[in-house]
Structures are given as structure tokens and as C-alpha cells.
K.L.:
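Just dropping this structure here.
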Amino acid sequence: MELPQDFTRRIRSQLGDACDDFLACYEKERAYGLRCNPLKIEEKKLRSVLLEKQIETEQVPWAAEGFYYSKDVYPGKLPLHEAGAYYIQEPSAMIAVSLLDPQPGERILDLCAAPGGKSTQIAGRMLGQGLLVTNEVVAQRARILSRNIERMGVRNAVVLNETPKRLAERFPLYFDRILVDAPCSGEGMFRKDIQARGEWSLEQVEICAKRQRDILEKAASMLKPGGILVYSTCTFAPQENEQNAEWFVRQYPQFELQRQEQIWPHLQRGEGHFAARFYKKHLSKEETAISPACERTADTAKKQARKKNVRKSDTDKAAGYEQLQEFCTTTLSEEMCSRMRLQISSGQLAVFGDQLYLLPAEIRSLDGLKAERAGLHLGCCKKRRFEPAHALAMALRPEDVTQTTETEEPERFLRGETTGCGDQKGWTLVTTDGCSAGWGKASQGVLKNHYPKGLRRN
Ligand code: SAM
């Protein structure tokens, strides 16, 4: 499919003499990238394991955890991918989180998050500390986001399926950093996804630009003073990029544009991405007026949520709490066990029917919000026994448990096959190249496979 004529006309006026170089890119191979997940594996080890499998990697300049690979290898098919050791991501898309610069312990919101490329990159940089609220407005996409959060072993995230408006009402001045990776006209996808060319129009660019401003408006109200907001798109249209960034600082003078980057496919090895970083300087009068009330609401909500969770877990003690305690003692390392106990005693345990979740410490009540995942899924209580969730296995490292099995044949494990297990007994964390891939339960020399049926390979 040809590039849309209106698009080439606009690009020509945008790039001048460089336009021919830009258009020539469409005859060349696109860039392929993957991003190491530090929650599961060290970068050096990942690169050497991939090299053993004939996958050479090369550093992406704008993201320390990002690497190029070549067209004719398929890292997405390796068991290590299912184990969450890396995320396949278009290299230029990695720049937004580099600009956001998330830190462990912060409260971070990813407002337009599915399928989760940038959320899982943020989670990697947060190292399991602090709160990541990752939100997607389309329900079906929120489920995909949730699966990726699970695969990458993220512990400190809640996955929501909300509109920016409802979140803005709920979280005024709440976050240290916010990413708005906005829905856009997708011009940077034209090489990777030919169909995207057919969906493009000048009118669509204007519709996107307006929608982006609406989303930015909501994001602005959720950021604390002193916080950082990054706005990004995968398009080249000035209306959606520089012009929206200019509009934003004009509209919200407490925001200062600190940096702006555009990756062009004829200049860099990437398909194209725009990212702008804003700093929220100080409170406006209106914000100063509402701030103490917001903080009070936040505190009350937090206390109520804690009370509620403790109450719930108290009521459910017979149904699940003791079994969970027993599971922790027998299956988790001493350190992980005491950490988990501390989190439970400080009110982070949430019980939904027979399902147990561990809420991130920072979260206020999720009551009334559509939560696709209320924190880390610990497991479920079945007939007075606790069955650990796949999400918990994915979030644990080998040193967090008392028993592990490094599978020699990970493909068999991913197909759901049972294997031998010597004299092991009970829950075992099954690993591939040292990364947790799921649970097995050992009994009488057989390791029963607990890899979820819905994820199994044929
Ligand atoms: N950040 C994601 C990643 O790195 O994997 C990609 C996000 S994609 C560019 C934009 C997302 O915004 C889509 O998942 C889309 O469903 C969502 N979206 C669409 N309309 C929206 C709206 N009005 N408000 C918020 N999000 C919206």
C-alpha cells in the first residue's frame, strides 16, 4: 500500500530536502528491539543467554535496558520470553520512559497503558518499590495489559480499566510521575504495519490532537507539584506533537517544557516516536486551595482501605489466611516470608471471594474503580488449601523460595507436561535460565505441571 498522498505532502513541507531520505526509509528494513526486564534477569546474563541461541543484541542508544536484534531471529518464540526475561518493543518507543526517568518508591501513573510496553519498562526501573497505577480505557486491551504485567513479574502495580476523567476525580495531585502515551494517528507505524497507512487521514490527525489535549488536561490535575509528566506519541504530525506541547504549557503555565525528542527513521534506528517532558513547577492558586483537602481525602481513603482489608482478611481467616501463612512458611524463603507477613499485617492483603491479592503499600481504596488486577495475585483458597497464583510464581526469584527446579526442557513445561522431580515434595518454582516460569507441585517423584491452561503452548 502506498503512503497516503496528504501525508507525503505534509512531510515534504515539514522536512524539506531531508524528505527524500525519509521516504527512502520505507524501502529499507525496519528496526527490531527487545527490552531486558531487570525484575527477572540481569542484562549481561540475558545477552549471553540470547547469544547462545544465536541472537545477537546491540545497545539502543536512548534506553539502557533496550537492545536491537535482527530481522531473521525470533526472540518472541523462546521460553525465556514467556518467563518475562524481556519484552519485545519497537526501539524508538523506549525513549518515553527514559525521559520519564521513574524511580523506585514513587507513585507513578501510566494513563494509556495497553498493551504494556512502557508500563513494564517503568516497572523494571521501579524495582518493585512504590506504586505503579497502569490504566487502559478499553476493557479487552486492559486484560492484555494485565497479562503482560503478570508475565513480567511486576509486584507493585494495579491495573485499572478507567477513563482519564474518572481517574482525575479520584487522584487529584497524587502522582510523582505520569506518562501519557496517547492514542495517535500512528505515522510511525507505517513501515511496521502497512494497514496503519489505510487508517490515516488529515481529519484523523485533527481528531487525535483534540483527544490528546483532553487526556493531557486530566493528567495535569493528577500530578503533584514538583512532578514530571511525559507526553508521547508514535507519529510525526506537528499538531499531535510540538503543537500540543506548546498548547499544554500555554494552557497550564505551572508546567515547564524541559525536553522534547523526535526520533526519525531516516536519522536513527527506530520507527519514529515523539516525547516531551514537562516539570510541574508550583501550585496555582486553585490547586493551593484544594491541596490540603485532597491530602486529607487521600489519608482517610487509605486508612479506610486498610481497615477494610484487615477486616476482610480477619473474616476470611478460616477460609484462607491460615493456609496462606502455611504456604509462606513452607514455600517461601525466610526473608520473603517475613516480608510477606509484614505486608499482610500492615493491611495490604485484599480478599475477593476465595482470591487473595497483595495491594501495593501506597494504594488508596480501589472501591468504585474498575480494577482489572488489584495488585499482586497471591492465589486462591480451595477446600481449606492454598493454591498459589501463576502471577506469584512470575514475581518470585529463585532465592525467594525454598525449592526450585531448573527445567531442562522448558518447551515441555510450557506445554503443561509433567516431569520427574526426584525426592522433591510440595510447591516448586520452575525456572528456565534462572527465571521463574511457573509452579510445579512435586509428589512421589512426579512434578505436576501448574502452568495455566490458557497460556500453554500446543
Ligand atoms: N503505552 C502503550 C504501550 O507502550 O504499550 C501503548 C498505548 S497506545 C499508543 C494508546 C492507548 O490509549 C491505547 O491502548 C488506547 O486504547 C488508549 N486510548 C484510546 N482512547 C483513549 C482515551 N480517550 N483516553 C485514554 N486512553 C485512550
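Both ligands and their constituent atoms are indexed starting at 1 by order of listing. For reference, positions follow the sequence shown, starting with 1. In this text the structure is predicted, and so the values were computed from the model without any measurement.
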K.L.:
Going by the rule side-chain hydrogen bond (donor to acceptor under 3.5 Å, both in side chains), which residues pair with Glu199 if we only count those two or more places apart in sequence or in a different chain?
P.N.:
none
K.L.:
Please tell me whether Phe7 and Phe190 form a close aromatic pair, meaning their ring centres lie under 6.0 Å apart.
P.N.:
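Yes, the ring centres sit under 6.0 Å apart.
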K.L.:
I need the minimum non-hydrogen distance between Glu136 and Ala142, along with the two atoms involved.
P.N.:
CG-N, 3.6 Å
K.L.:
Indicate, with yes or no, if the rings of Tyr252 and Phe278 have centres closer together than 6.0 Å.
P.N.:
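When the ring centroids of Tyr252 and Phe278 are compared, they turn out to be at least 6.0 Å apart.
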K.L.:
Report yes or no: do Thr404 and Glu406 form a side-chain donor-acceptor pair below 3.5 Å?
P.N.:
no
K.L.:
If we check side-chain contact (heavy atoms from CB on, under 4.5 Å) with Phe175, which of these qualifies: Ile108, Asp110, Val133, Leu111?
P.N.:
Val133
K.L.:
Kindly tell me which protein residues have any non-hydrogen atom under 4.0 angstrom away from an atom of ligand 1, grouped by chain and ordered by number?
P.N.:
Cys112, Ala113, Ala114, Pro115, Gly116, Gly117, Lys118, Glu136, Val137, Val138, Arg141, Pro164, Asp181, Ala182, Pro183, Arg211, Ile215
